[in-house]
Amino acid sequence: MSEVRTRFAPSPTGNLHVGGAHTALFAWLFARHEGGKFVLRIEDTDEVRSTDESLAAIYDGLRWLGIDWDEGPDVGGPYAPYIQSERLEIYEDYINRLIESGRAYRCFCTPEELEERREIQRARGMPPRYDRACVDLPEDQLQTWLAEGKPYCVRFRVEDEGTTVINDVVRGEVSFDNEVLGDFVIRKTSGYPTYHMAVVVDDYLMKISHVIRAEEHLSNTPSHVQLMEALGFDVPVFAHLPLIMGTDRTKLSKRHGAVNLMDYKEQGFLPEAMRNFLALIGWSPGTDEEILDLQQLIDRFTLEGVSKSPGIFDLEKATWLNGEYLKRADAEYLTELLLPMLREHDLIEDDLSPERRRWLVDVVDLMKERTRLLKDFVTWGRYFFTEDFPYDNRARKKWLSREEVPERLDMLAERIEALETWDVDSIEQAIRGLADELDVSASKIIHPCRAACTGQTIGPSLFHLMELLPQDSVVRRLRRAAELGRAGEMEPVGSVDEGPDD
RNA sequence: GGCCCCAUGGUCUAGUGGUUAGGACUCCGCUCUUUCAAGGCGGCGGCACGGGUUCGAUUCCCGUUGGGGCUACCA
């Protein structure tokens with residue numbers, strides 16, 4: 001059996017979106033599982049919409065997810081070039097062969113004429129297909145128009161009788177009546193090939209064994225198969241993947257909010273979590289396993305495990321999964337990912353001292369257990385980095401606005417200030433000692449202290465969190481909260497219900 | 001409209017001609033803890049509908065309904 005070769009063939013007309021990333025991931029996983037090659041090919045035959053920025057964005061997105069390619073525009077390969085706009089002569093050659101063999105012909109109909117006739121067909125309840133007005137132009141007419149330089153495109157003459165059956169690994173046999181096919185354009189007036197032409201030629205020349213792409217291409221496949229047959233190409237194995245839908249069950253698109261893969265990076269998704277999540281849409285290892293690292297995905301991935309039905313992009317579950325990865329992740333690694341985000345929010349200096357860096361790793365280690373997105377570190381964990389943090393309503397209502405609290409905070413501040421060592425044990429002793437002295441339960445000190453130091457009622461272990469704050473800062477926080485409490489400025493604000501108050 | 005694809009809780013899914021239809025997210029309880037947004041335990045909730053085939057259908061076939069895709073000189 002010949003080598004497995006798959007490809008991802010995006011058009012550089014925007015950022016790498018979630019759907020594209022999903023398709024790329026599946027094609028890549030299959031190639032890796034089979035020990036084959038994965039090719040990146042850029043389909044920029046849409047001259048109007050293709051951009052260089054978009055190409056860069058595709059590279060970035062794939063690399064972020066950990067998808068590498070054995071052949072592609074930047075790394076080259078035996079079938080270079082891998083950018084379609086650089087392969088124009090190749091398509092031209094095949095198009096000419098089709099014209100010579102009578103399987104393709106020049107069409108001089110203008111877009112306006114075509115649209116007009118399509119309207120008529122639709123009005124009559126007929127499928128809008130090209131009416132073959134130019135299929136057998138008299139030779140002299142053809143020559144005259146050509147001589148005049150009248151613009152034309154080239155159409156493939158489809159076989160319109162019988163059926164075309166395609167064998168799809170995920171869908172089985174799918175057959176199409178050829179009479180529904182129209183003579184589609186293979187070369188635009190501009191001279192560029194259409195997607196249909198370029199994809200067929202390149203998949204053949206690049207020896208793609210498995211065409212793995214999204215289901216939206218299934219209906220185009222019989223046209224492609226006819227083209228392959230007319231050109232004498234072998235037909236590859238097809239695998240049409242289920243689409244990813246938005247919550248409204250239509251194909252995921254801009255309307256659904258974040259469809260740009262890198263938006264998720266911005267929000268603090270880890271690439272390994274996103275990759276794991278994407279893999280689980282429309283594929284299952286056949287077991288209950290859900291958290292799968294890269295190697296496990298590669299080991300378990302098969303086309304048989306791909307489902308036929310479309311899947312909805314469930315942000316809730318993606319977020320949960322990300323939290324699982326955050327919990328398991330190495331704090332040093334997370335720190336690296338977090339730094340740019342902290343800098344963006346002016347929460348940390350640009351040049352970190354080694355001590356400061358170790359401190360940050362400790363903060364990350366303490367917080368990662370309960371975060372779900374990297375950005376939680378800058379919101380929930382803001383108080384680690386600045387004394388300028390808000391007091392939330394729960395903290396105000398439950399503790400900070402209580403009459404007895406300011407005095408206790410001041411007493412605690414005094415004890416904290418007097419501590420000669422600053423570690424978990426001494427902090428705990430100071431707090432519990434005060435509680436004992438006042439003859440109240442420790443929680444009566446712990447909770448107000450947390451509220452004063454963090455502005456929140458929830459978070460990591462209080463003593464550990466305090467240890468990571470500078471001693472003098474803790475003292476300031478306690479005194480400030482006491483002062484604001486006395487001044488009556490710790491009343492809950494706004495009308496936002498922060499939840500039950502027990 | 002035509003063609004094609006799809007159909008297990010709200011979501012992602014496992015699974016079978018005979019199962020108490022399994023797991024995960026979400027939600028809701030309970031529990032542990034200095035707090036929960038963490039941990040532990042538990043619960044609600046599903047085979048779209050109608051016909052067949054069969055001793056027996058969630059599973060196989062047909063239809064209906066619903067959803068989606070394609071129907072471009074976009075890919």
Please give the distance between the [atom1] atoms of [N] and [M] as a whole number of Å.
| N | M | atom1 | result |
| --- | --- | --- | --- |
| B:rG9 | B:rC47 | C1' | 10 Å |
| B:rG69 | B:rC60 | P | 26 Å |
| B:rA48 | B:rA38 | P | 33 Å |
| B:rU58 | B:rU19 | C1' | 11 Å |
| B:rG67 | B:rU16 | P | 30 Å |
| B:rG23 | B:rG15 | P | 15 Å |
| B:rG52 | B:rU59 | C1' | 15 Å |
| B:rG40 | B:rA21 | C1' | 26 Å |

With a 4.0 Å cut-off on N to O distance, would you call [X] and [Y] a salt bridge?
| X | Y | result |
| --- | --- | --- |
| A:Lys444 | A:Glu404 | no |
| A:Glu290 | A:Lys317 | yes |
| A:Arg129 | A:Glu179 | no |
| A:Glu92 | A:Arg187 | yes |
| A:Glu115 | A:Arg118 | yes |
| A:Arg41 | A:Asp203 | yes |

Quick one: label [X] by what it contacts on the DNA or RNA (base, sugar-phosphate, nothing), any heavy atom closer than 4.0 Å.
| X | result |
| --- | --- |
| A:Arg213 | nothing |
| A:His240 | nothing |
| A:Pro10 | nothing |
| A:Ser175 | sugar-phosphate |
| A:Gly459 | base |
| A:Ser461 | base |
| A:Ser11 | sugar-phosphate |
| A:Glu369 | sugar-phosphate |
| A:Glu289 | nothing |
| A:Asn220 | base |
| A:Gly282 | sugar-phosphate |

What's the closest nucleotide to the [X] side chain, out of [options]?
| X | options | value |
| --- | --- | --- |
| A:Leu280 | B:rA75, B:rU34, B:rC12 | B:rC12 |
| A:Arg450 | B:rU34, B:rC70, B:rC73 | B:rU34 |
| A:Leu114 | B:rC73, B:rA75, B:rU26 | B:rC73 |
| A:Lys327 | B:rU35, B:rU13, B:rA38 | B:rA38 |
| A:Leu243 | B:rG68, B:rG39, B:rA75 | B:rG68 |
| A:Asp314 | B:rU34, B:rU11, B:rU13 | B:rU11 |
| A:Leu218 | B:rC70, B:rC5, B:rA7 | B:rC5 |
| A:Lys317 | B:rU34, B:rA14, B:rG23 | B:rG23 |
| A:Arg370 | B:rC3, B:rU35, B:rU11 | B:rU35 |
| A:Glu215 | B:rC5, B:rA75, B:rC73 | B:rC5 |

Taking only the side-chain nitrogens and oxygens of [X], find out if one of them lies under 4.0 Å from OP1 or OP2 of [N].
| X | N | answer |
| --- | --- | --- |
| A:Arg372 | B:rU26 | yes |
| A:Lys188 | B:rC74 | yes |
| A:Thr45 | B:rA75 | yes |

Using purine N1 to pyrimidine N3 plus N6-O4 or O6-N4 for Watson-Crick, or N1-O2 and O6-N3 for G-U wobble, each under 3.5 Å, what pairs with [N]?
| N | result |
| --- | --- |
| B:rC70 | B:rG2 |
| B:rA48 | B:rU64 |
| B:rG56 | none |
| B:rC27 | B:rG43 |
| B:rU34 | none |

Rounded to the nearest Å, what distance is computed from the [atom1] atom of residue [X] to the [atom2] atom of nucleotide [N]?
| X | N | atom1 | atom2 | result |
| --- | --- | --- | --- | --- |
| A:Arg155 | B:rU71 | CZ | P | 13 Å |
| A:Glu179 | B:rU71 | CD | P | 18 Å |
| A:Leu241 | B:rG68 | CG | C1' | 15 Å |
| A:Arg49 | B:rA72 | CZ | P | 16 Å |
| A:Asp202 | B:rA75 | CG | P | 13 Å |
| A:Asp168 | B:rG69 | CG | P | 18 Å |
| A:Ile281 | B:rC12 | CD1 | C1' | 8 Å |
| A:His196 | B:rC73 | NE2 | P | 8 Å |

**Asked** Does a distance-only test, which skips hydrogens and angles, find a donor-acceptor pair under 3.5 Å between the side chain of A:Thr189 and the base of B:rC73?
**Response** yes
Notebook entry, point to check: Has the side chain of A:Ser219 got a donor or acceptor that lies under 3.5 Å from a partner of the other kind on the base of B:rU71?
Noted result: no
Can I get a per-line list of side-chain donor-acceptor pairs under 3.5 Å for residues 152-161 of chain A, giving both atom names and the distance, sequence neighbours left out?
| from | atom 1 | to | atom 2 | distance (Å) |
| --- | --- | --- | --- | --- |
| A:Arg155 | NH1 | A:Asp183 | O | 2.7 |
| A:Glu159 | OE2 | A:Glu161 | N | 3.1 |
| A:Asp160 | OD2 | A:Arg132 | NH1 | 3.0 |

Note: for A:Thr110 and A:Val174 on RNA chain B, the residue whose nearest nucleotide lies more 5' is A:Val174
When A:Thr287 and A:Ala442 are each assigned the nearest nucleotide of RNA chain B, the 5'-most assignment goes to A:Thr287
| said: Is there a side-chain contact between A:Met274 and A:Val18 in this structure, where contact means two heavy atoms from C-beta onward sitting under 4.5 Å apart? | reply: no
Does the gap between the ring centers of A:Phe38 and A:Trp69 come in under 6.0 Å?
no
### Message
Measuring centre to centre across the rings, with the benzene-like ring taken for any Trp, is A:His240 within less than 6.0 Å of A:His217?
### Response
no
